[in-house]
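Everything on this sheet refers to the single structure shown next.
Proteins come first, then strands; the chains are lettered A, B, ... in the order of their sequence lines, and each starts at number 1. All figures in this text were calculated on a predicted structure; none of them were measured in a lab.
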Amino acid sequence: MTGPGLLNRQRRRRIIASMFAFSCAAAATLCVVVLFLLVGKIFSEGAAWLNWDFLWNLPSRHPEKAGIKTALAGSLWLTGLTAVISLPVGIGAAVYLEEYAAVSRWKKLFQINIANLAGVPSIVYGILGLAVFVQLFTLGSSLISGALTLSLVILPIIILATQEALRGVPDSIRHASYALGATRWQTVRHQVLPAAMPGIMTGVILALSRAIGEAAPLVAVGAMAYVPFVPSGPTDQFSALPIQIFNWAARPKAEFHQIAGAAIIVLLFVLICMNVTAVAVRHFYGKRVRW
Amino acid sequence: MVMDRRSLLPNSSKKQTVTTYTMTTTEPIAMDDPTTADDAISRVPTVPVNPPIAQSENSASAEGLPSANVKLVTRNLRFFYGSVQALSDISMSIPVNRVTALIGPSGCGKSTFLRCLNRMNDMIEKTRVEGDVLLDGNDVYKPGTDVVELRKRVGMVFQKSNPFPKSIFENVAYGPRLTGINGRAELQEIVEKSLKRAALLDEVKDRLNDSALRLSGGQQQRLCIARALATSPEVLLMDEPASALDPASTTRIEDLIFELRERYTIVIVTHNMQQAARVSDQTGFFYEGQLIEVGPTRQLFTTPTEKQTEDYITGRFG
Ligand SMILES: Nc1ncnc2c1ncn2[C@@H]1O[C@H](COP(=O)(O)OP(=O)(O)OP(=O)(O)O)[C@@H](O)[C@H]1O
Ligand SMILES: [Mg+2]
């Protein structure tokens with residue numbers, strides 16, 4: 001009696017196993033298909049509008065004359081300023097937490113907070129930025145307000161990524177350095193940071209690519225959809241690619257949806273460039289540093 | 001921190017210095033002639049401090065003063081990892097320009113003891129140290145001690161080799177760079193000299209700019225020795241420096257130790273009895289966190305006073 005029963009059970013198990021594999025494959029395929037559909041639709045609509053003029057024109061009420069010059073410039077300004085603000089602060093905080101702070105209840109509390117902050121919706125930071133940077137510090141709806149707000153959004157990510165990278169540096173490296181008579185600063189500066197740099201850079205680039213795609217916090221601090229000039233300094237008013245895209249996509253005219261698609265293509269291109277850089281950094285250094 | 005070489009040991013160490021003397025006068029095993037002055041004096045165990053051996057051999061640095069023959073002294077040294085005591089009441093003297101070997105079964109506290117001497121244990125959280133460690137008569141655990149300066153004077157080679165993920169050159173040059181040496185030519189000279197002394201130069205001289213991580217395990221170990229030598233420490237702590245080496249390299253390291261002994265004070269941990277017997281002047285036997293016995297190497301290996309020592313060196317345990 002065991003013969004057919006066993007066979008049945010084996011067959012059942014095989015069927016379940018293959019069904020599971022099939023569902024996983026289906027889910028993966030679905031993701032890719034949806035992604036391709038989206039990208040395909042965006043390209044089919046927007047690609048035709050993509051040309052040199054589109055990159056160099058000012059925004060306009062007429063879709064055929066509209067361009068993303070100011071939005072692109074605003075996004076580049078924002079990314080640069082955000083990097084300048086969040087890199088030293090984020091990496092500094094992580095170095096302090098990992099290399100200097102003694103294990104204590106405060107450190108644990110701090111750590112939990114950072115992990116939670118990384119999960120806070122970005123619009124919340126936008127409201128905070130509006131209250132603190134725009135109004136309290138009277139910076140207005142300027143690039144610097146936007147960059148400070150975006151820095152708040154990505155600081156937890158940078159801190160966590162940097163901490164992760166620092167923890168990846170084995171203690172034996174630190175000990176070797178200390179045993180040669182290095183101070184803590186020398187050890188951090190000459191051994192730990194260089195060894196952790198690939199991880200830190202990867203985290204930083206990914207965090208910045210998150211910042212480039214954010215729209216909500218910028219809307220909150222008062223970024224504008226129509227800015228007829230390229231910002232010339234951090235206190236200027238600004239627009240940004242996601243804001244411009246959002247604005248065009250919200251208009252009723254079909255042509256605007258199409259140029260929104262063109263702007264998305266530009267944004268995607270920038271993001272892909274940044275991600276490729278992150279992968280390249282990891283790959284390039286990964287070959288050199290292996291414990 | 002200014003360590004005064006000429007300062008006397010504090011009075012409280014009297015008992016210690018007496019034991020010190022009998023150990024310090026160990027003649028190298030190789031020169032076993034009872035008629036030498038050194039040996040004759042070693043037969044007079046009641047002389048409290050400052051045996052002439054120290055004066056005759058190190059008159060330049062010793063200046064004939066009593067503390068000169070002892071480089072490091074530990075007094076009732078206790079060490080705790082959390083609540084676990086790893087060392088209990090270790091009192092030991094480490095003579096200058098001599099090789100002191102530490103032997104004992106795995107986990108008995110040899111590495112812990114070694115790390116106490118240059119305060120590398122400070123790095124480990126939740127540890128506690130009691131008792132004194134005197135370097136040239138100055139307590140290295142005294143508040144206000146410059147630990148960085150201490151570690152420049154007391155260098156260390158770790159049990160597990162730990163080269164930096166940089167080039168061979170940069171590994172060795174790191175210590176000198178820390179002290180402000182930056183000239184390329186000067187660094188090159190130091191690097192080559194150090195690599196040569198660590199018996200590594202011939203194998204790597206054509207690829208000094210290659211990553212140190214691409215060296216073999218034994219080469220990495222010698223690189224770590226070279227790196228420690230490059231800072232010219234006064235004391236060199238070596239934790240099983242030959243554990244990953246083939247017999248030929250081991251011999252070279254032993255030769256190196258023998259050579260270095262003229263200028264440095266060396267403490268070496270080893271599991272290899274023959275090695276301890278070959279290279280050291282004084283040997284200490286650790287067991288379960290205690291220093292069971294310490295004495296001239298030849299004496300400890302031929303006529304140990306403690307049963308445990310005898311059992312260990314004859315291979316009955318450990
Ligand atoms: N970082 C640490 N935290 C807690 N306990 C430790 C730590 N390092 C060592 N110990 C414990 O202290 C004791 C002594 O360890 P130590 O490394 O000094 O031994 P050892 O004599 O060097 O051994 P081996 O010959 O195997 O290297 C062991 O019981 C070990 O488990
Ligand atoms: Mg050990």
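- Ion pairing between Glu99(A) and Arg174(A) holds under the 4.0 Å rule for side-chain N and carboxylate O.
- No cation-pi contact links Arg227(B) to Phe158(B), judged by a cut-off of 6.0 Å to the six-membered ring centre and 45° from its axis.
- In terms of heavy-atom pairs under 4.5 Å with chain B, the best-connected choice from Gln186(A), Gln191(A), His175(A), Arg184(A) is Gln191(A).
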Derivation of the side-chain hydrogen bond (donor to acceptor under 3.5 Å, both in side chains) call for Gln221(B) and Ser243(B): CA-CA 9 Å; Gln221(B) 214 164 18; Ser243(B) 63; 3.2 Å; yes
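- Most heavy-atom pairs under 4.5 Å with chain A, from the set Leu237(B), Thr179(B), Leu178(B): that is Leu178(B).
- With a 4.5 Å cut-off on non-hydrogen atoms, Lys166(B) touches chain A through its side chain but not through its backbone.
- Between chain A and the residues Val154(B), Asn162(B), Thr231(B), the most heavy-atom pairs under 4.5 angstrom are made by Asn162(B).
- Of the atoms belonging to Arg115(B), not a single heavy atom falls under 4.5 Å from chain A.
- No hydrogens or angles considered: a donor-acceptor pair under 3.5 Å links the side chains of Ser177(A) and Thr187(A).
- Cation-pi geometry between Arg98(B) and Tyr264(B) is not met at under 6.0 angstrom from the ring centre and within 45 degrees of the axis.
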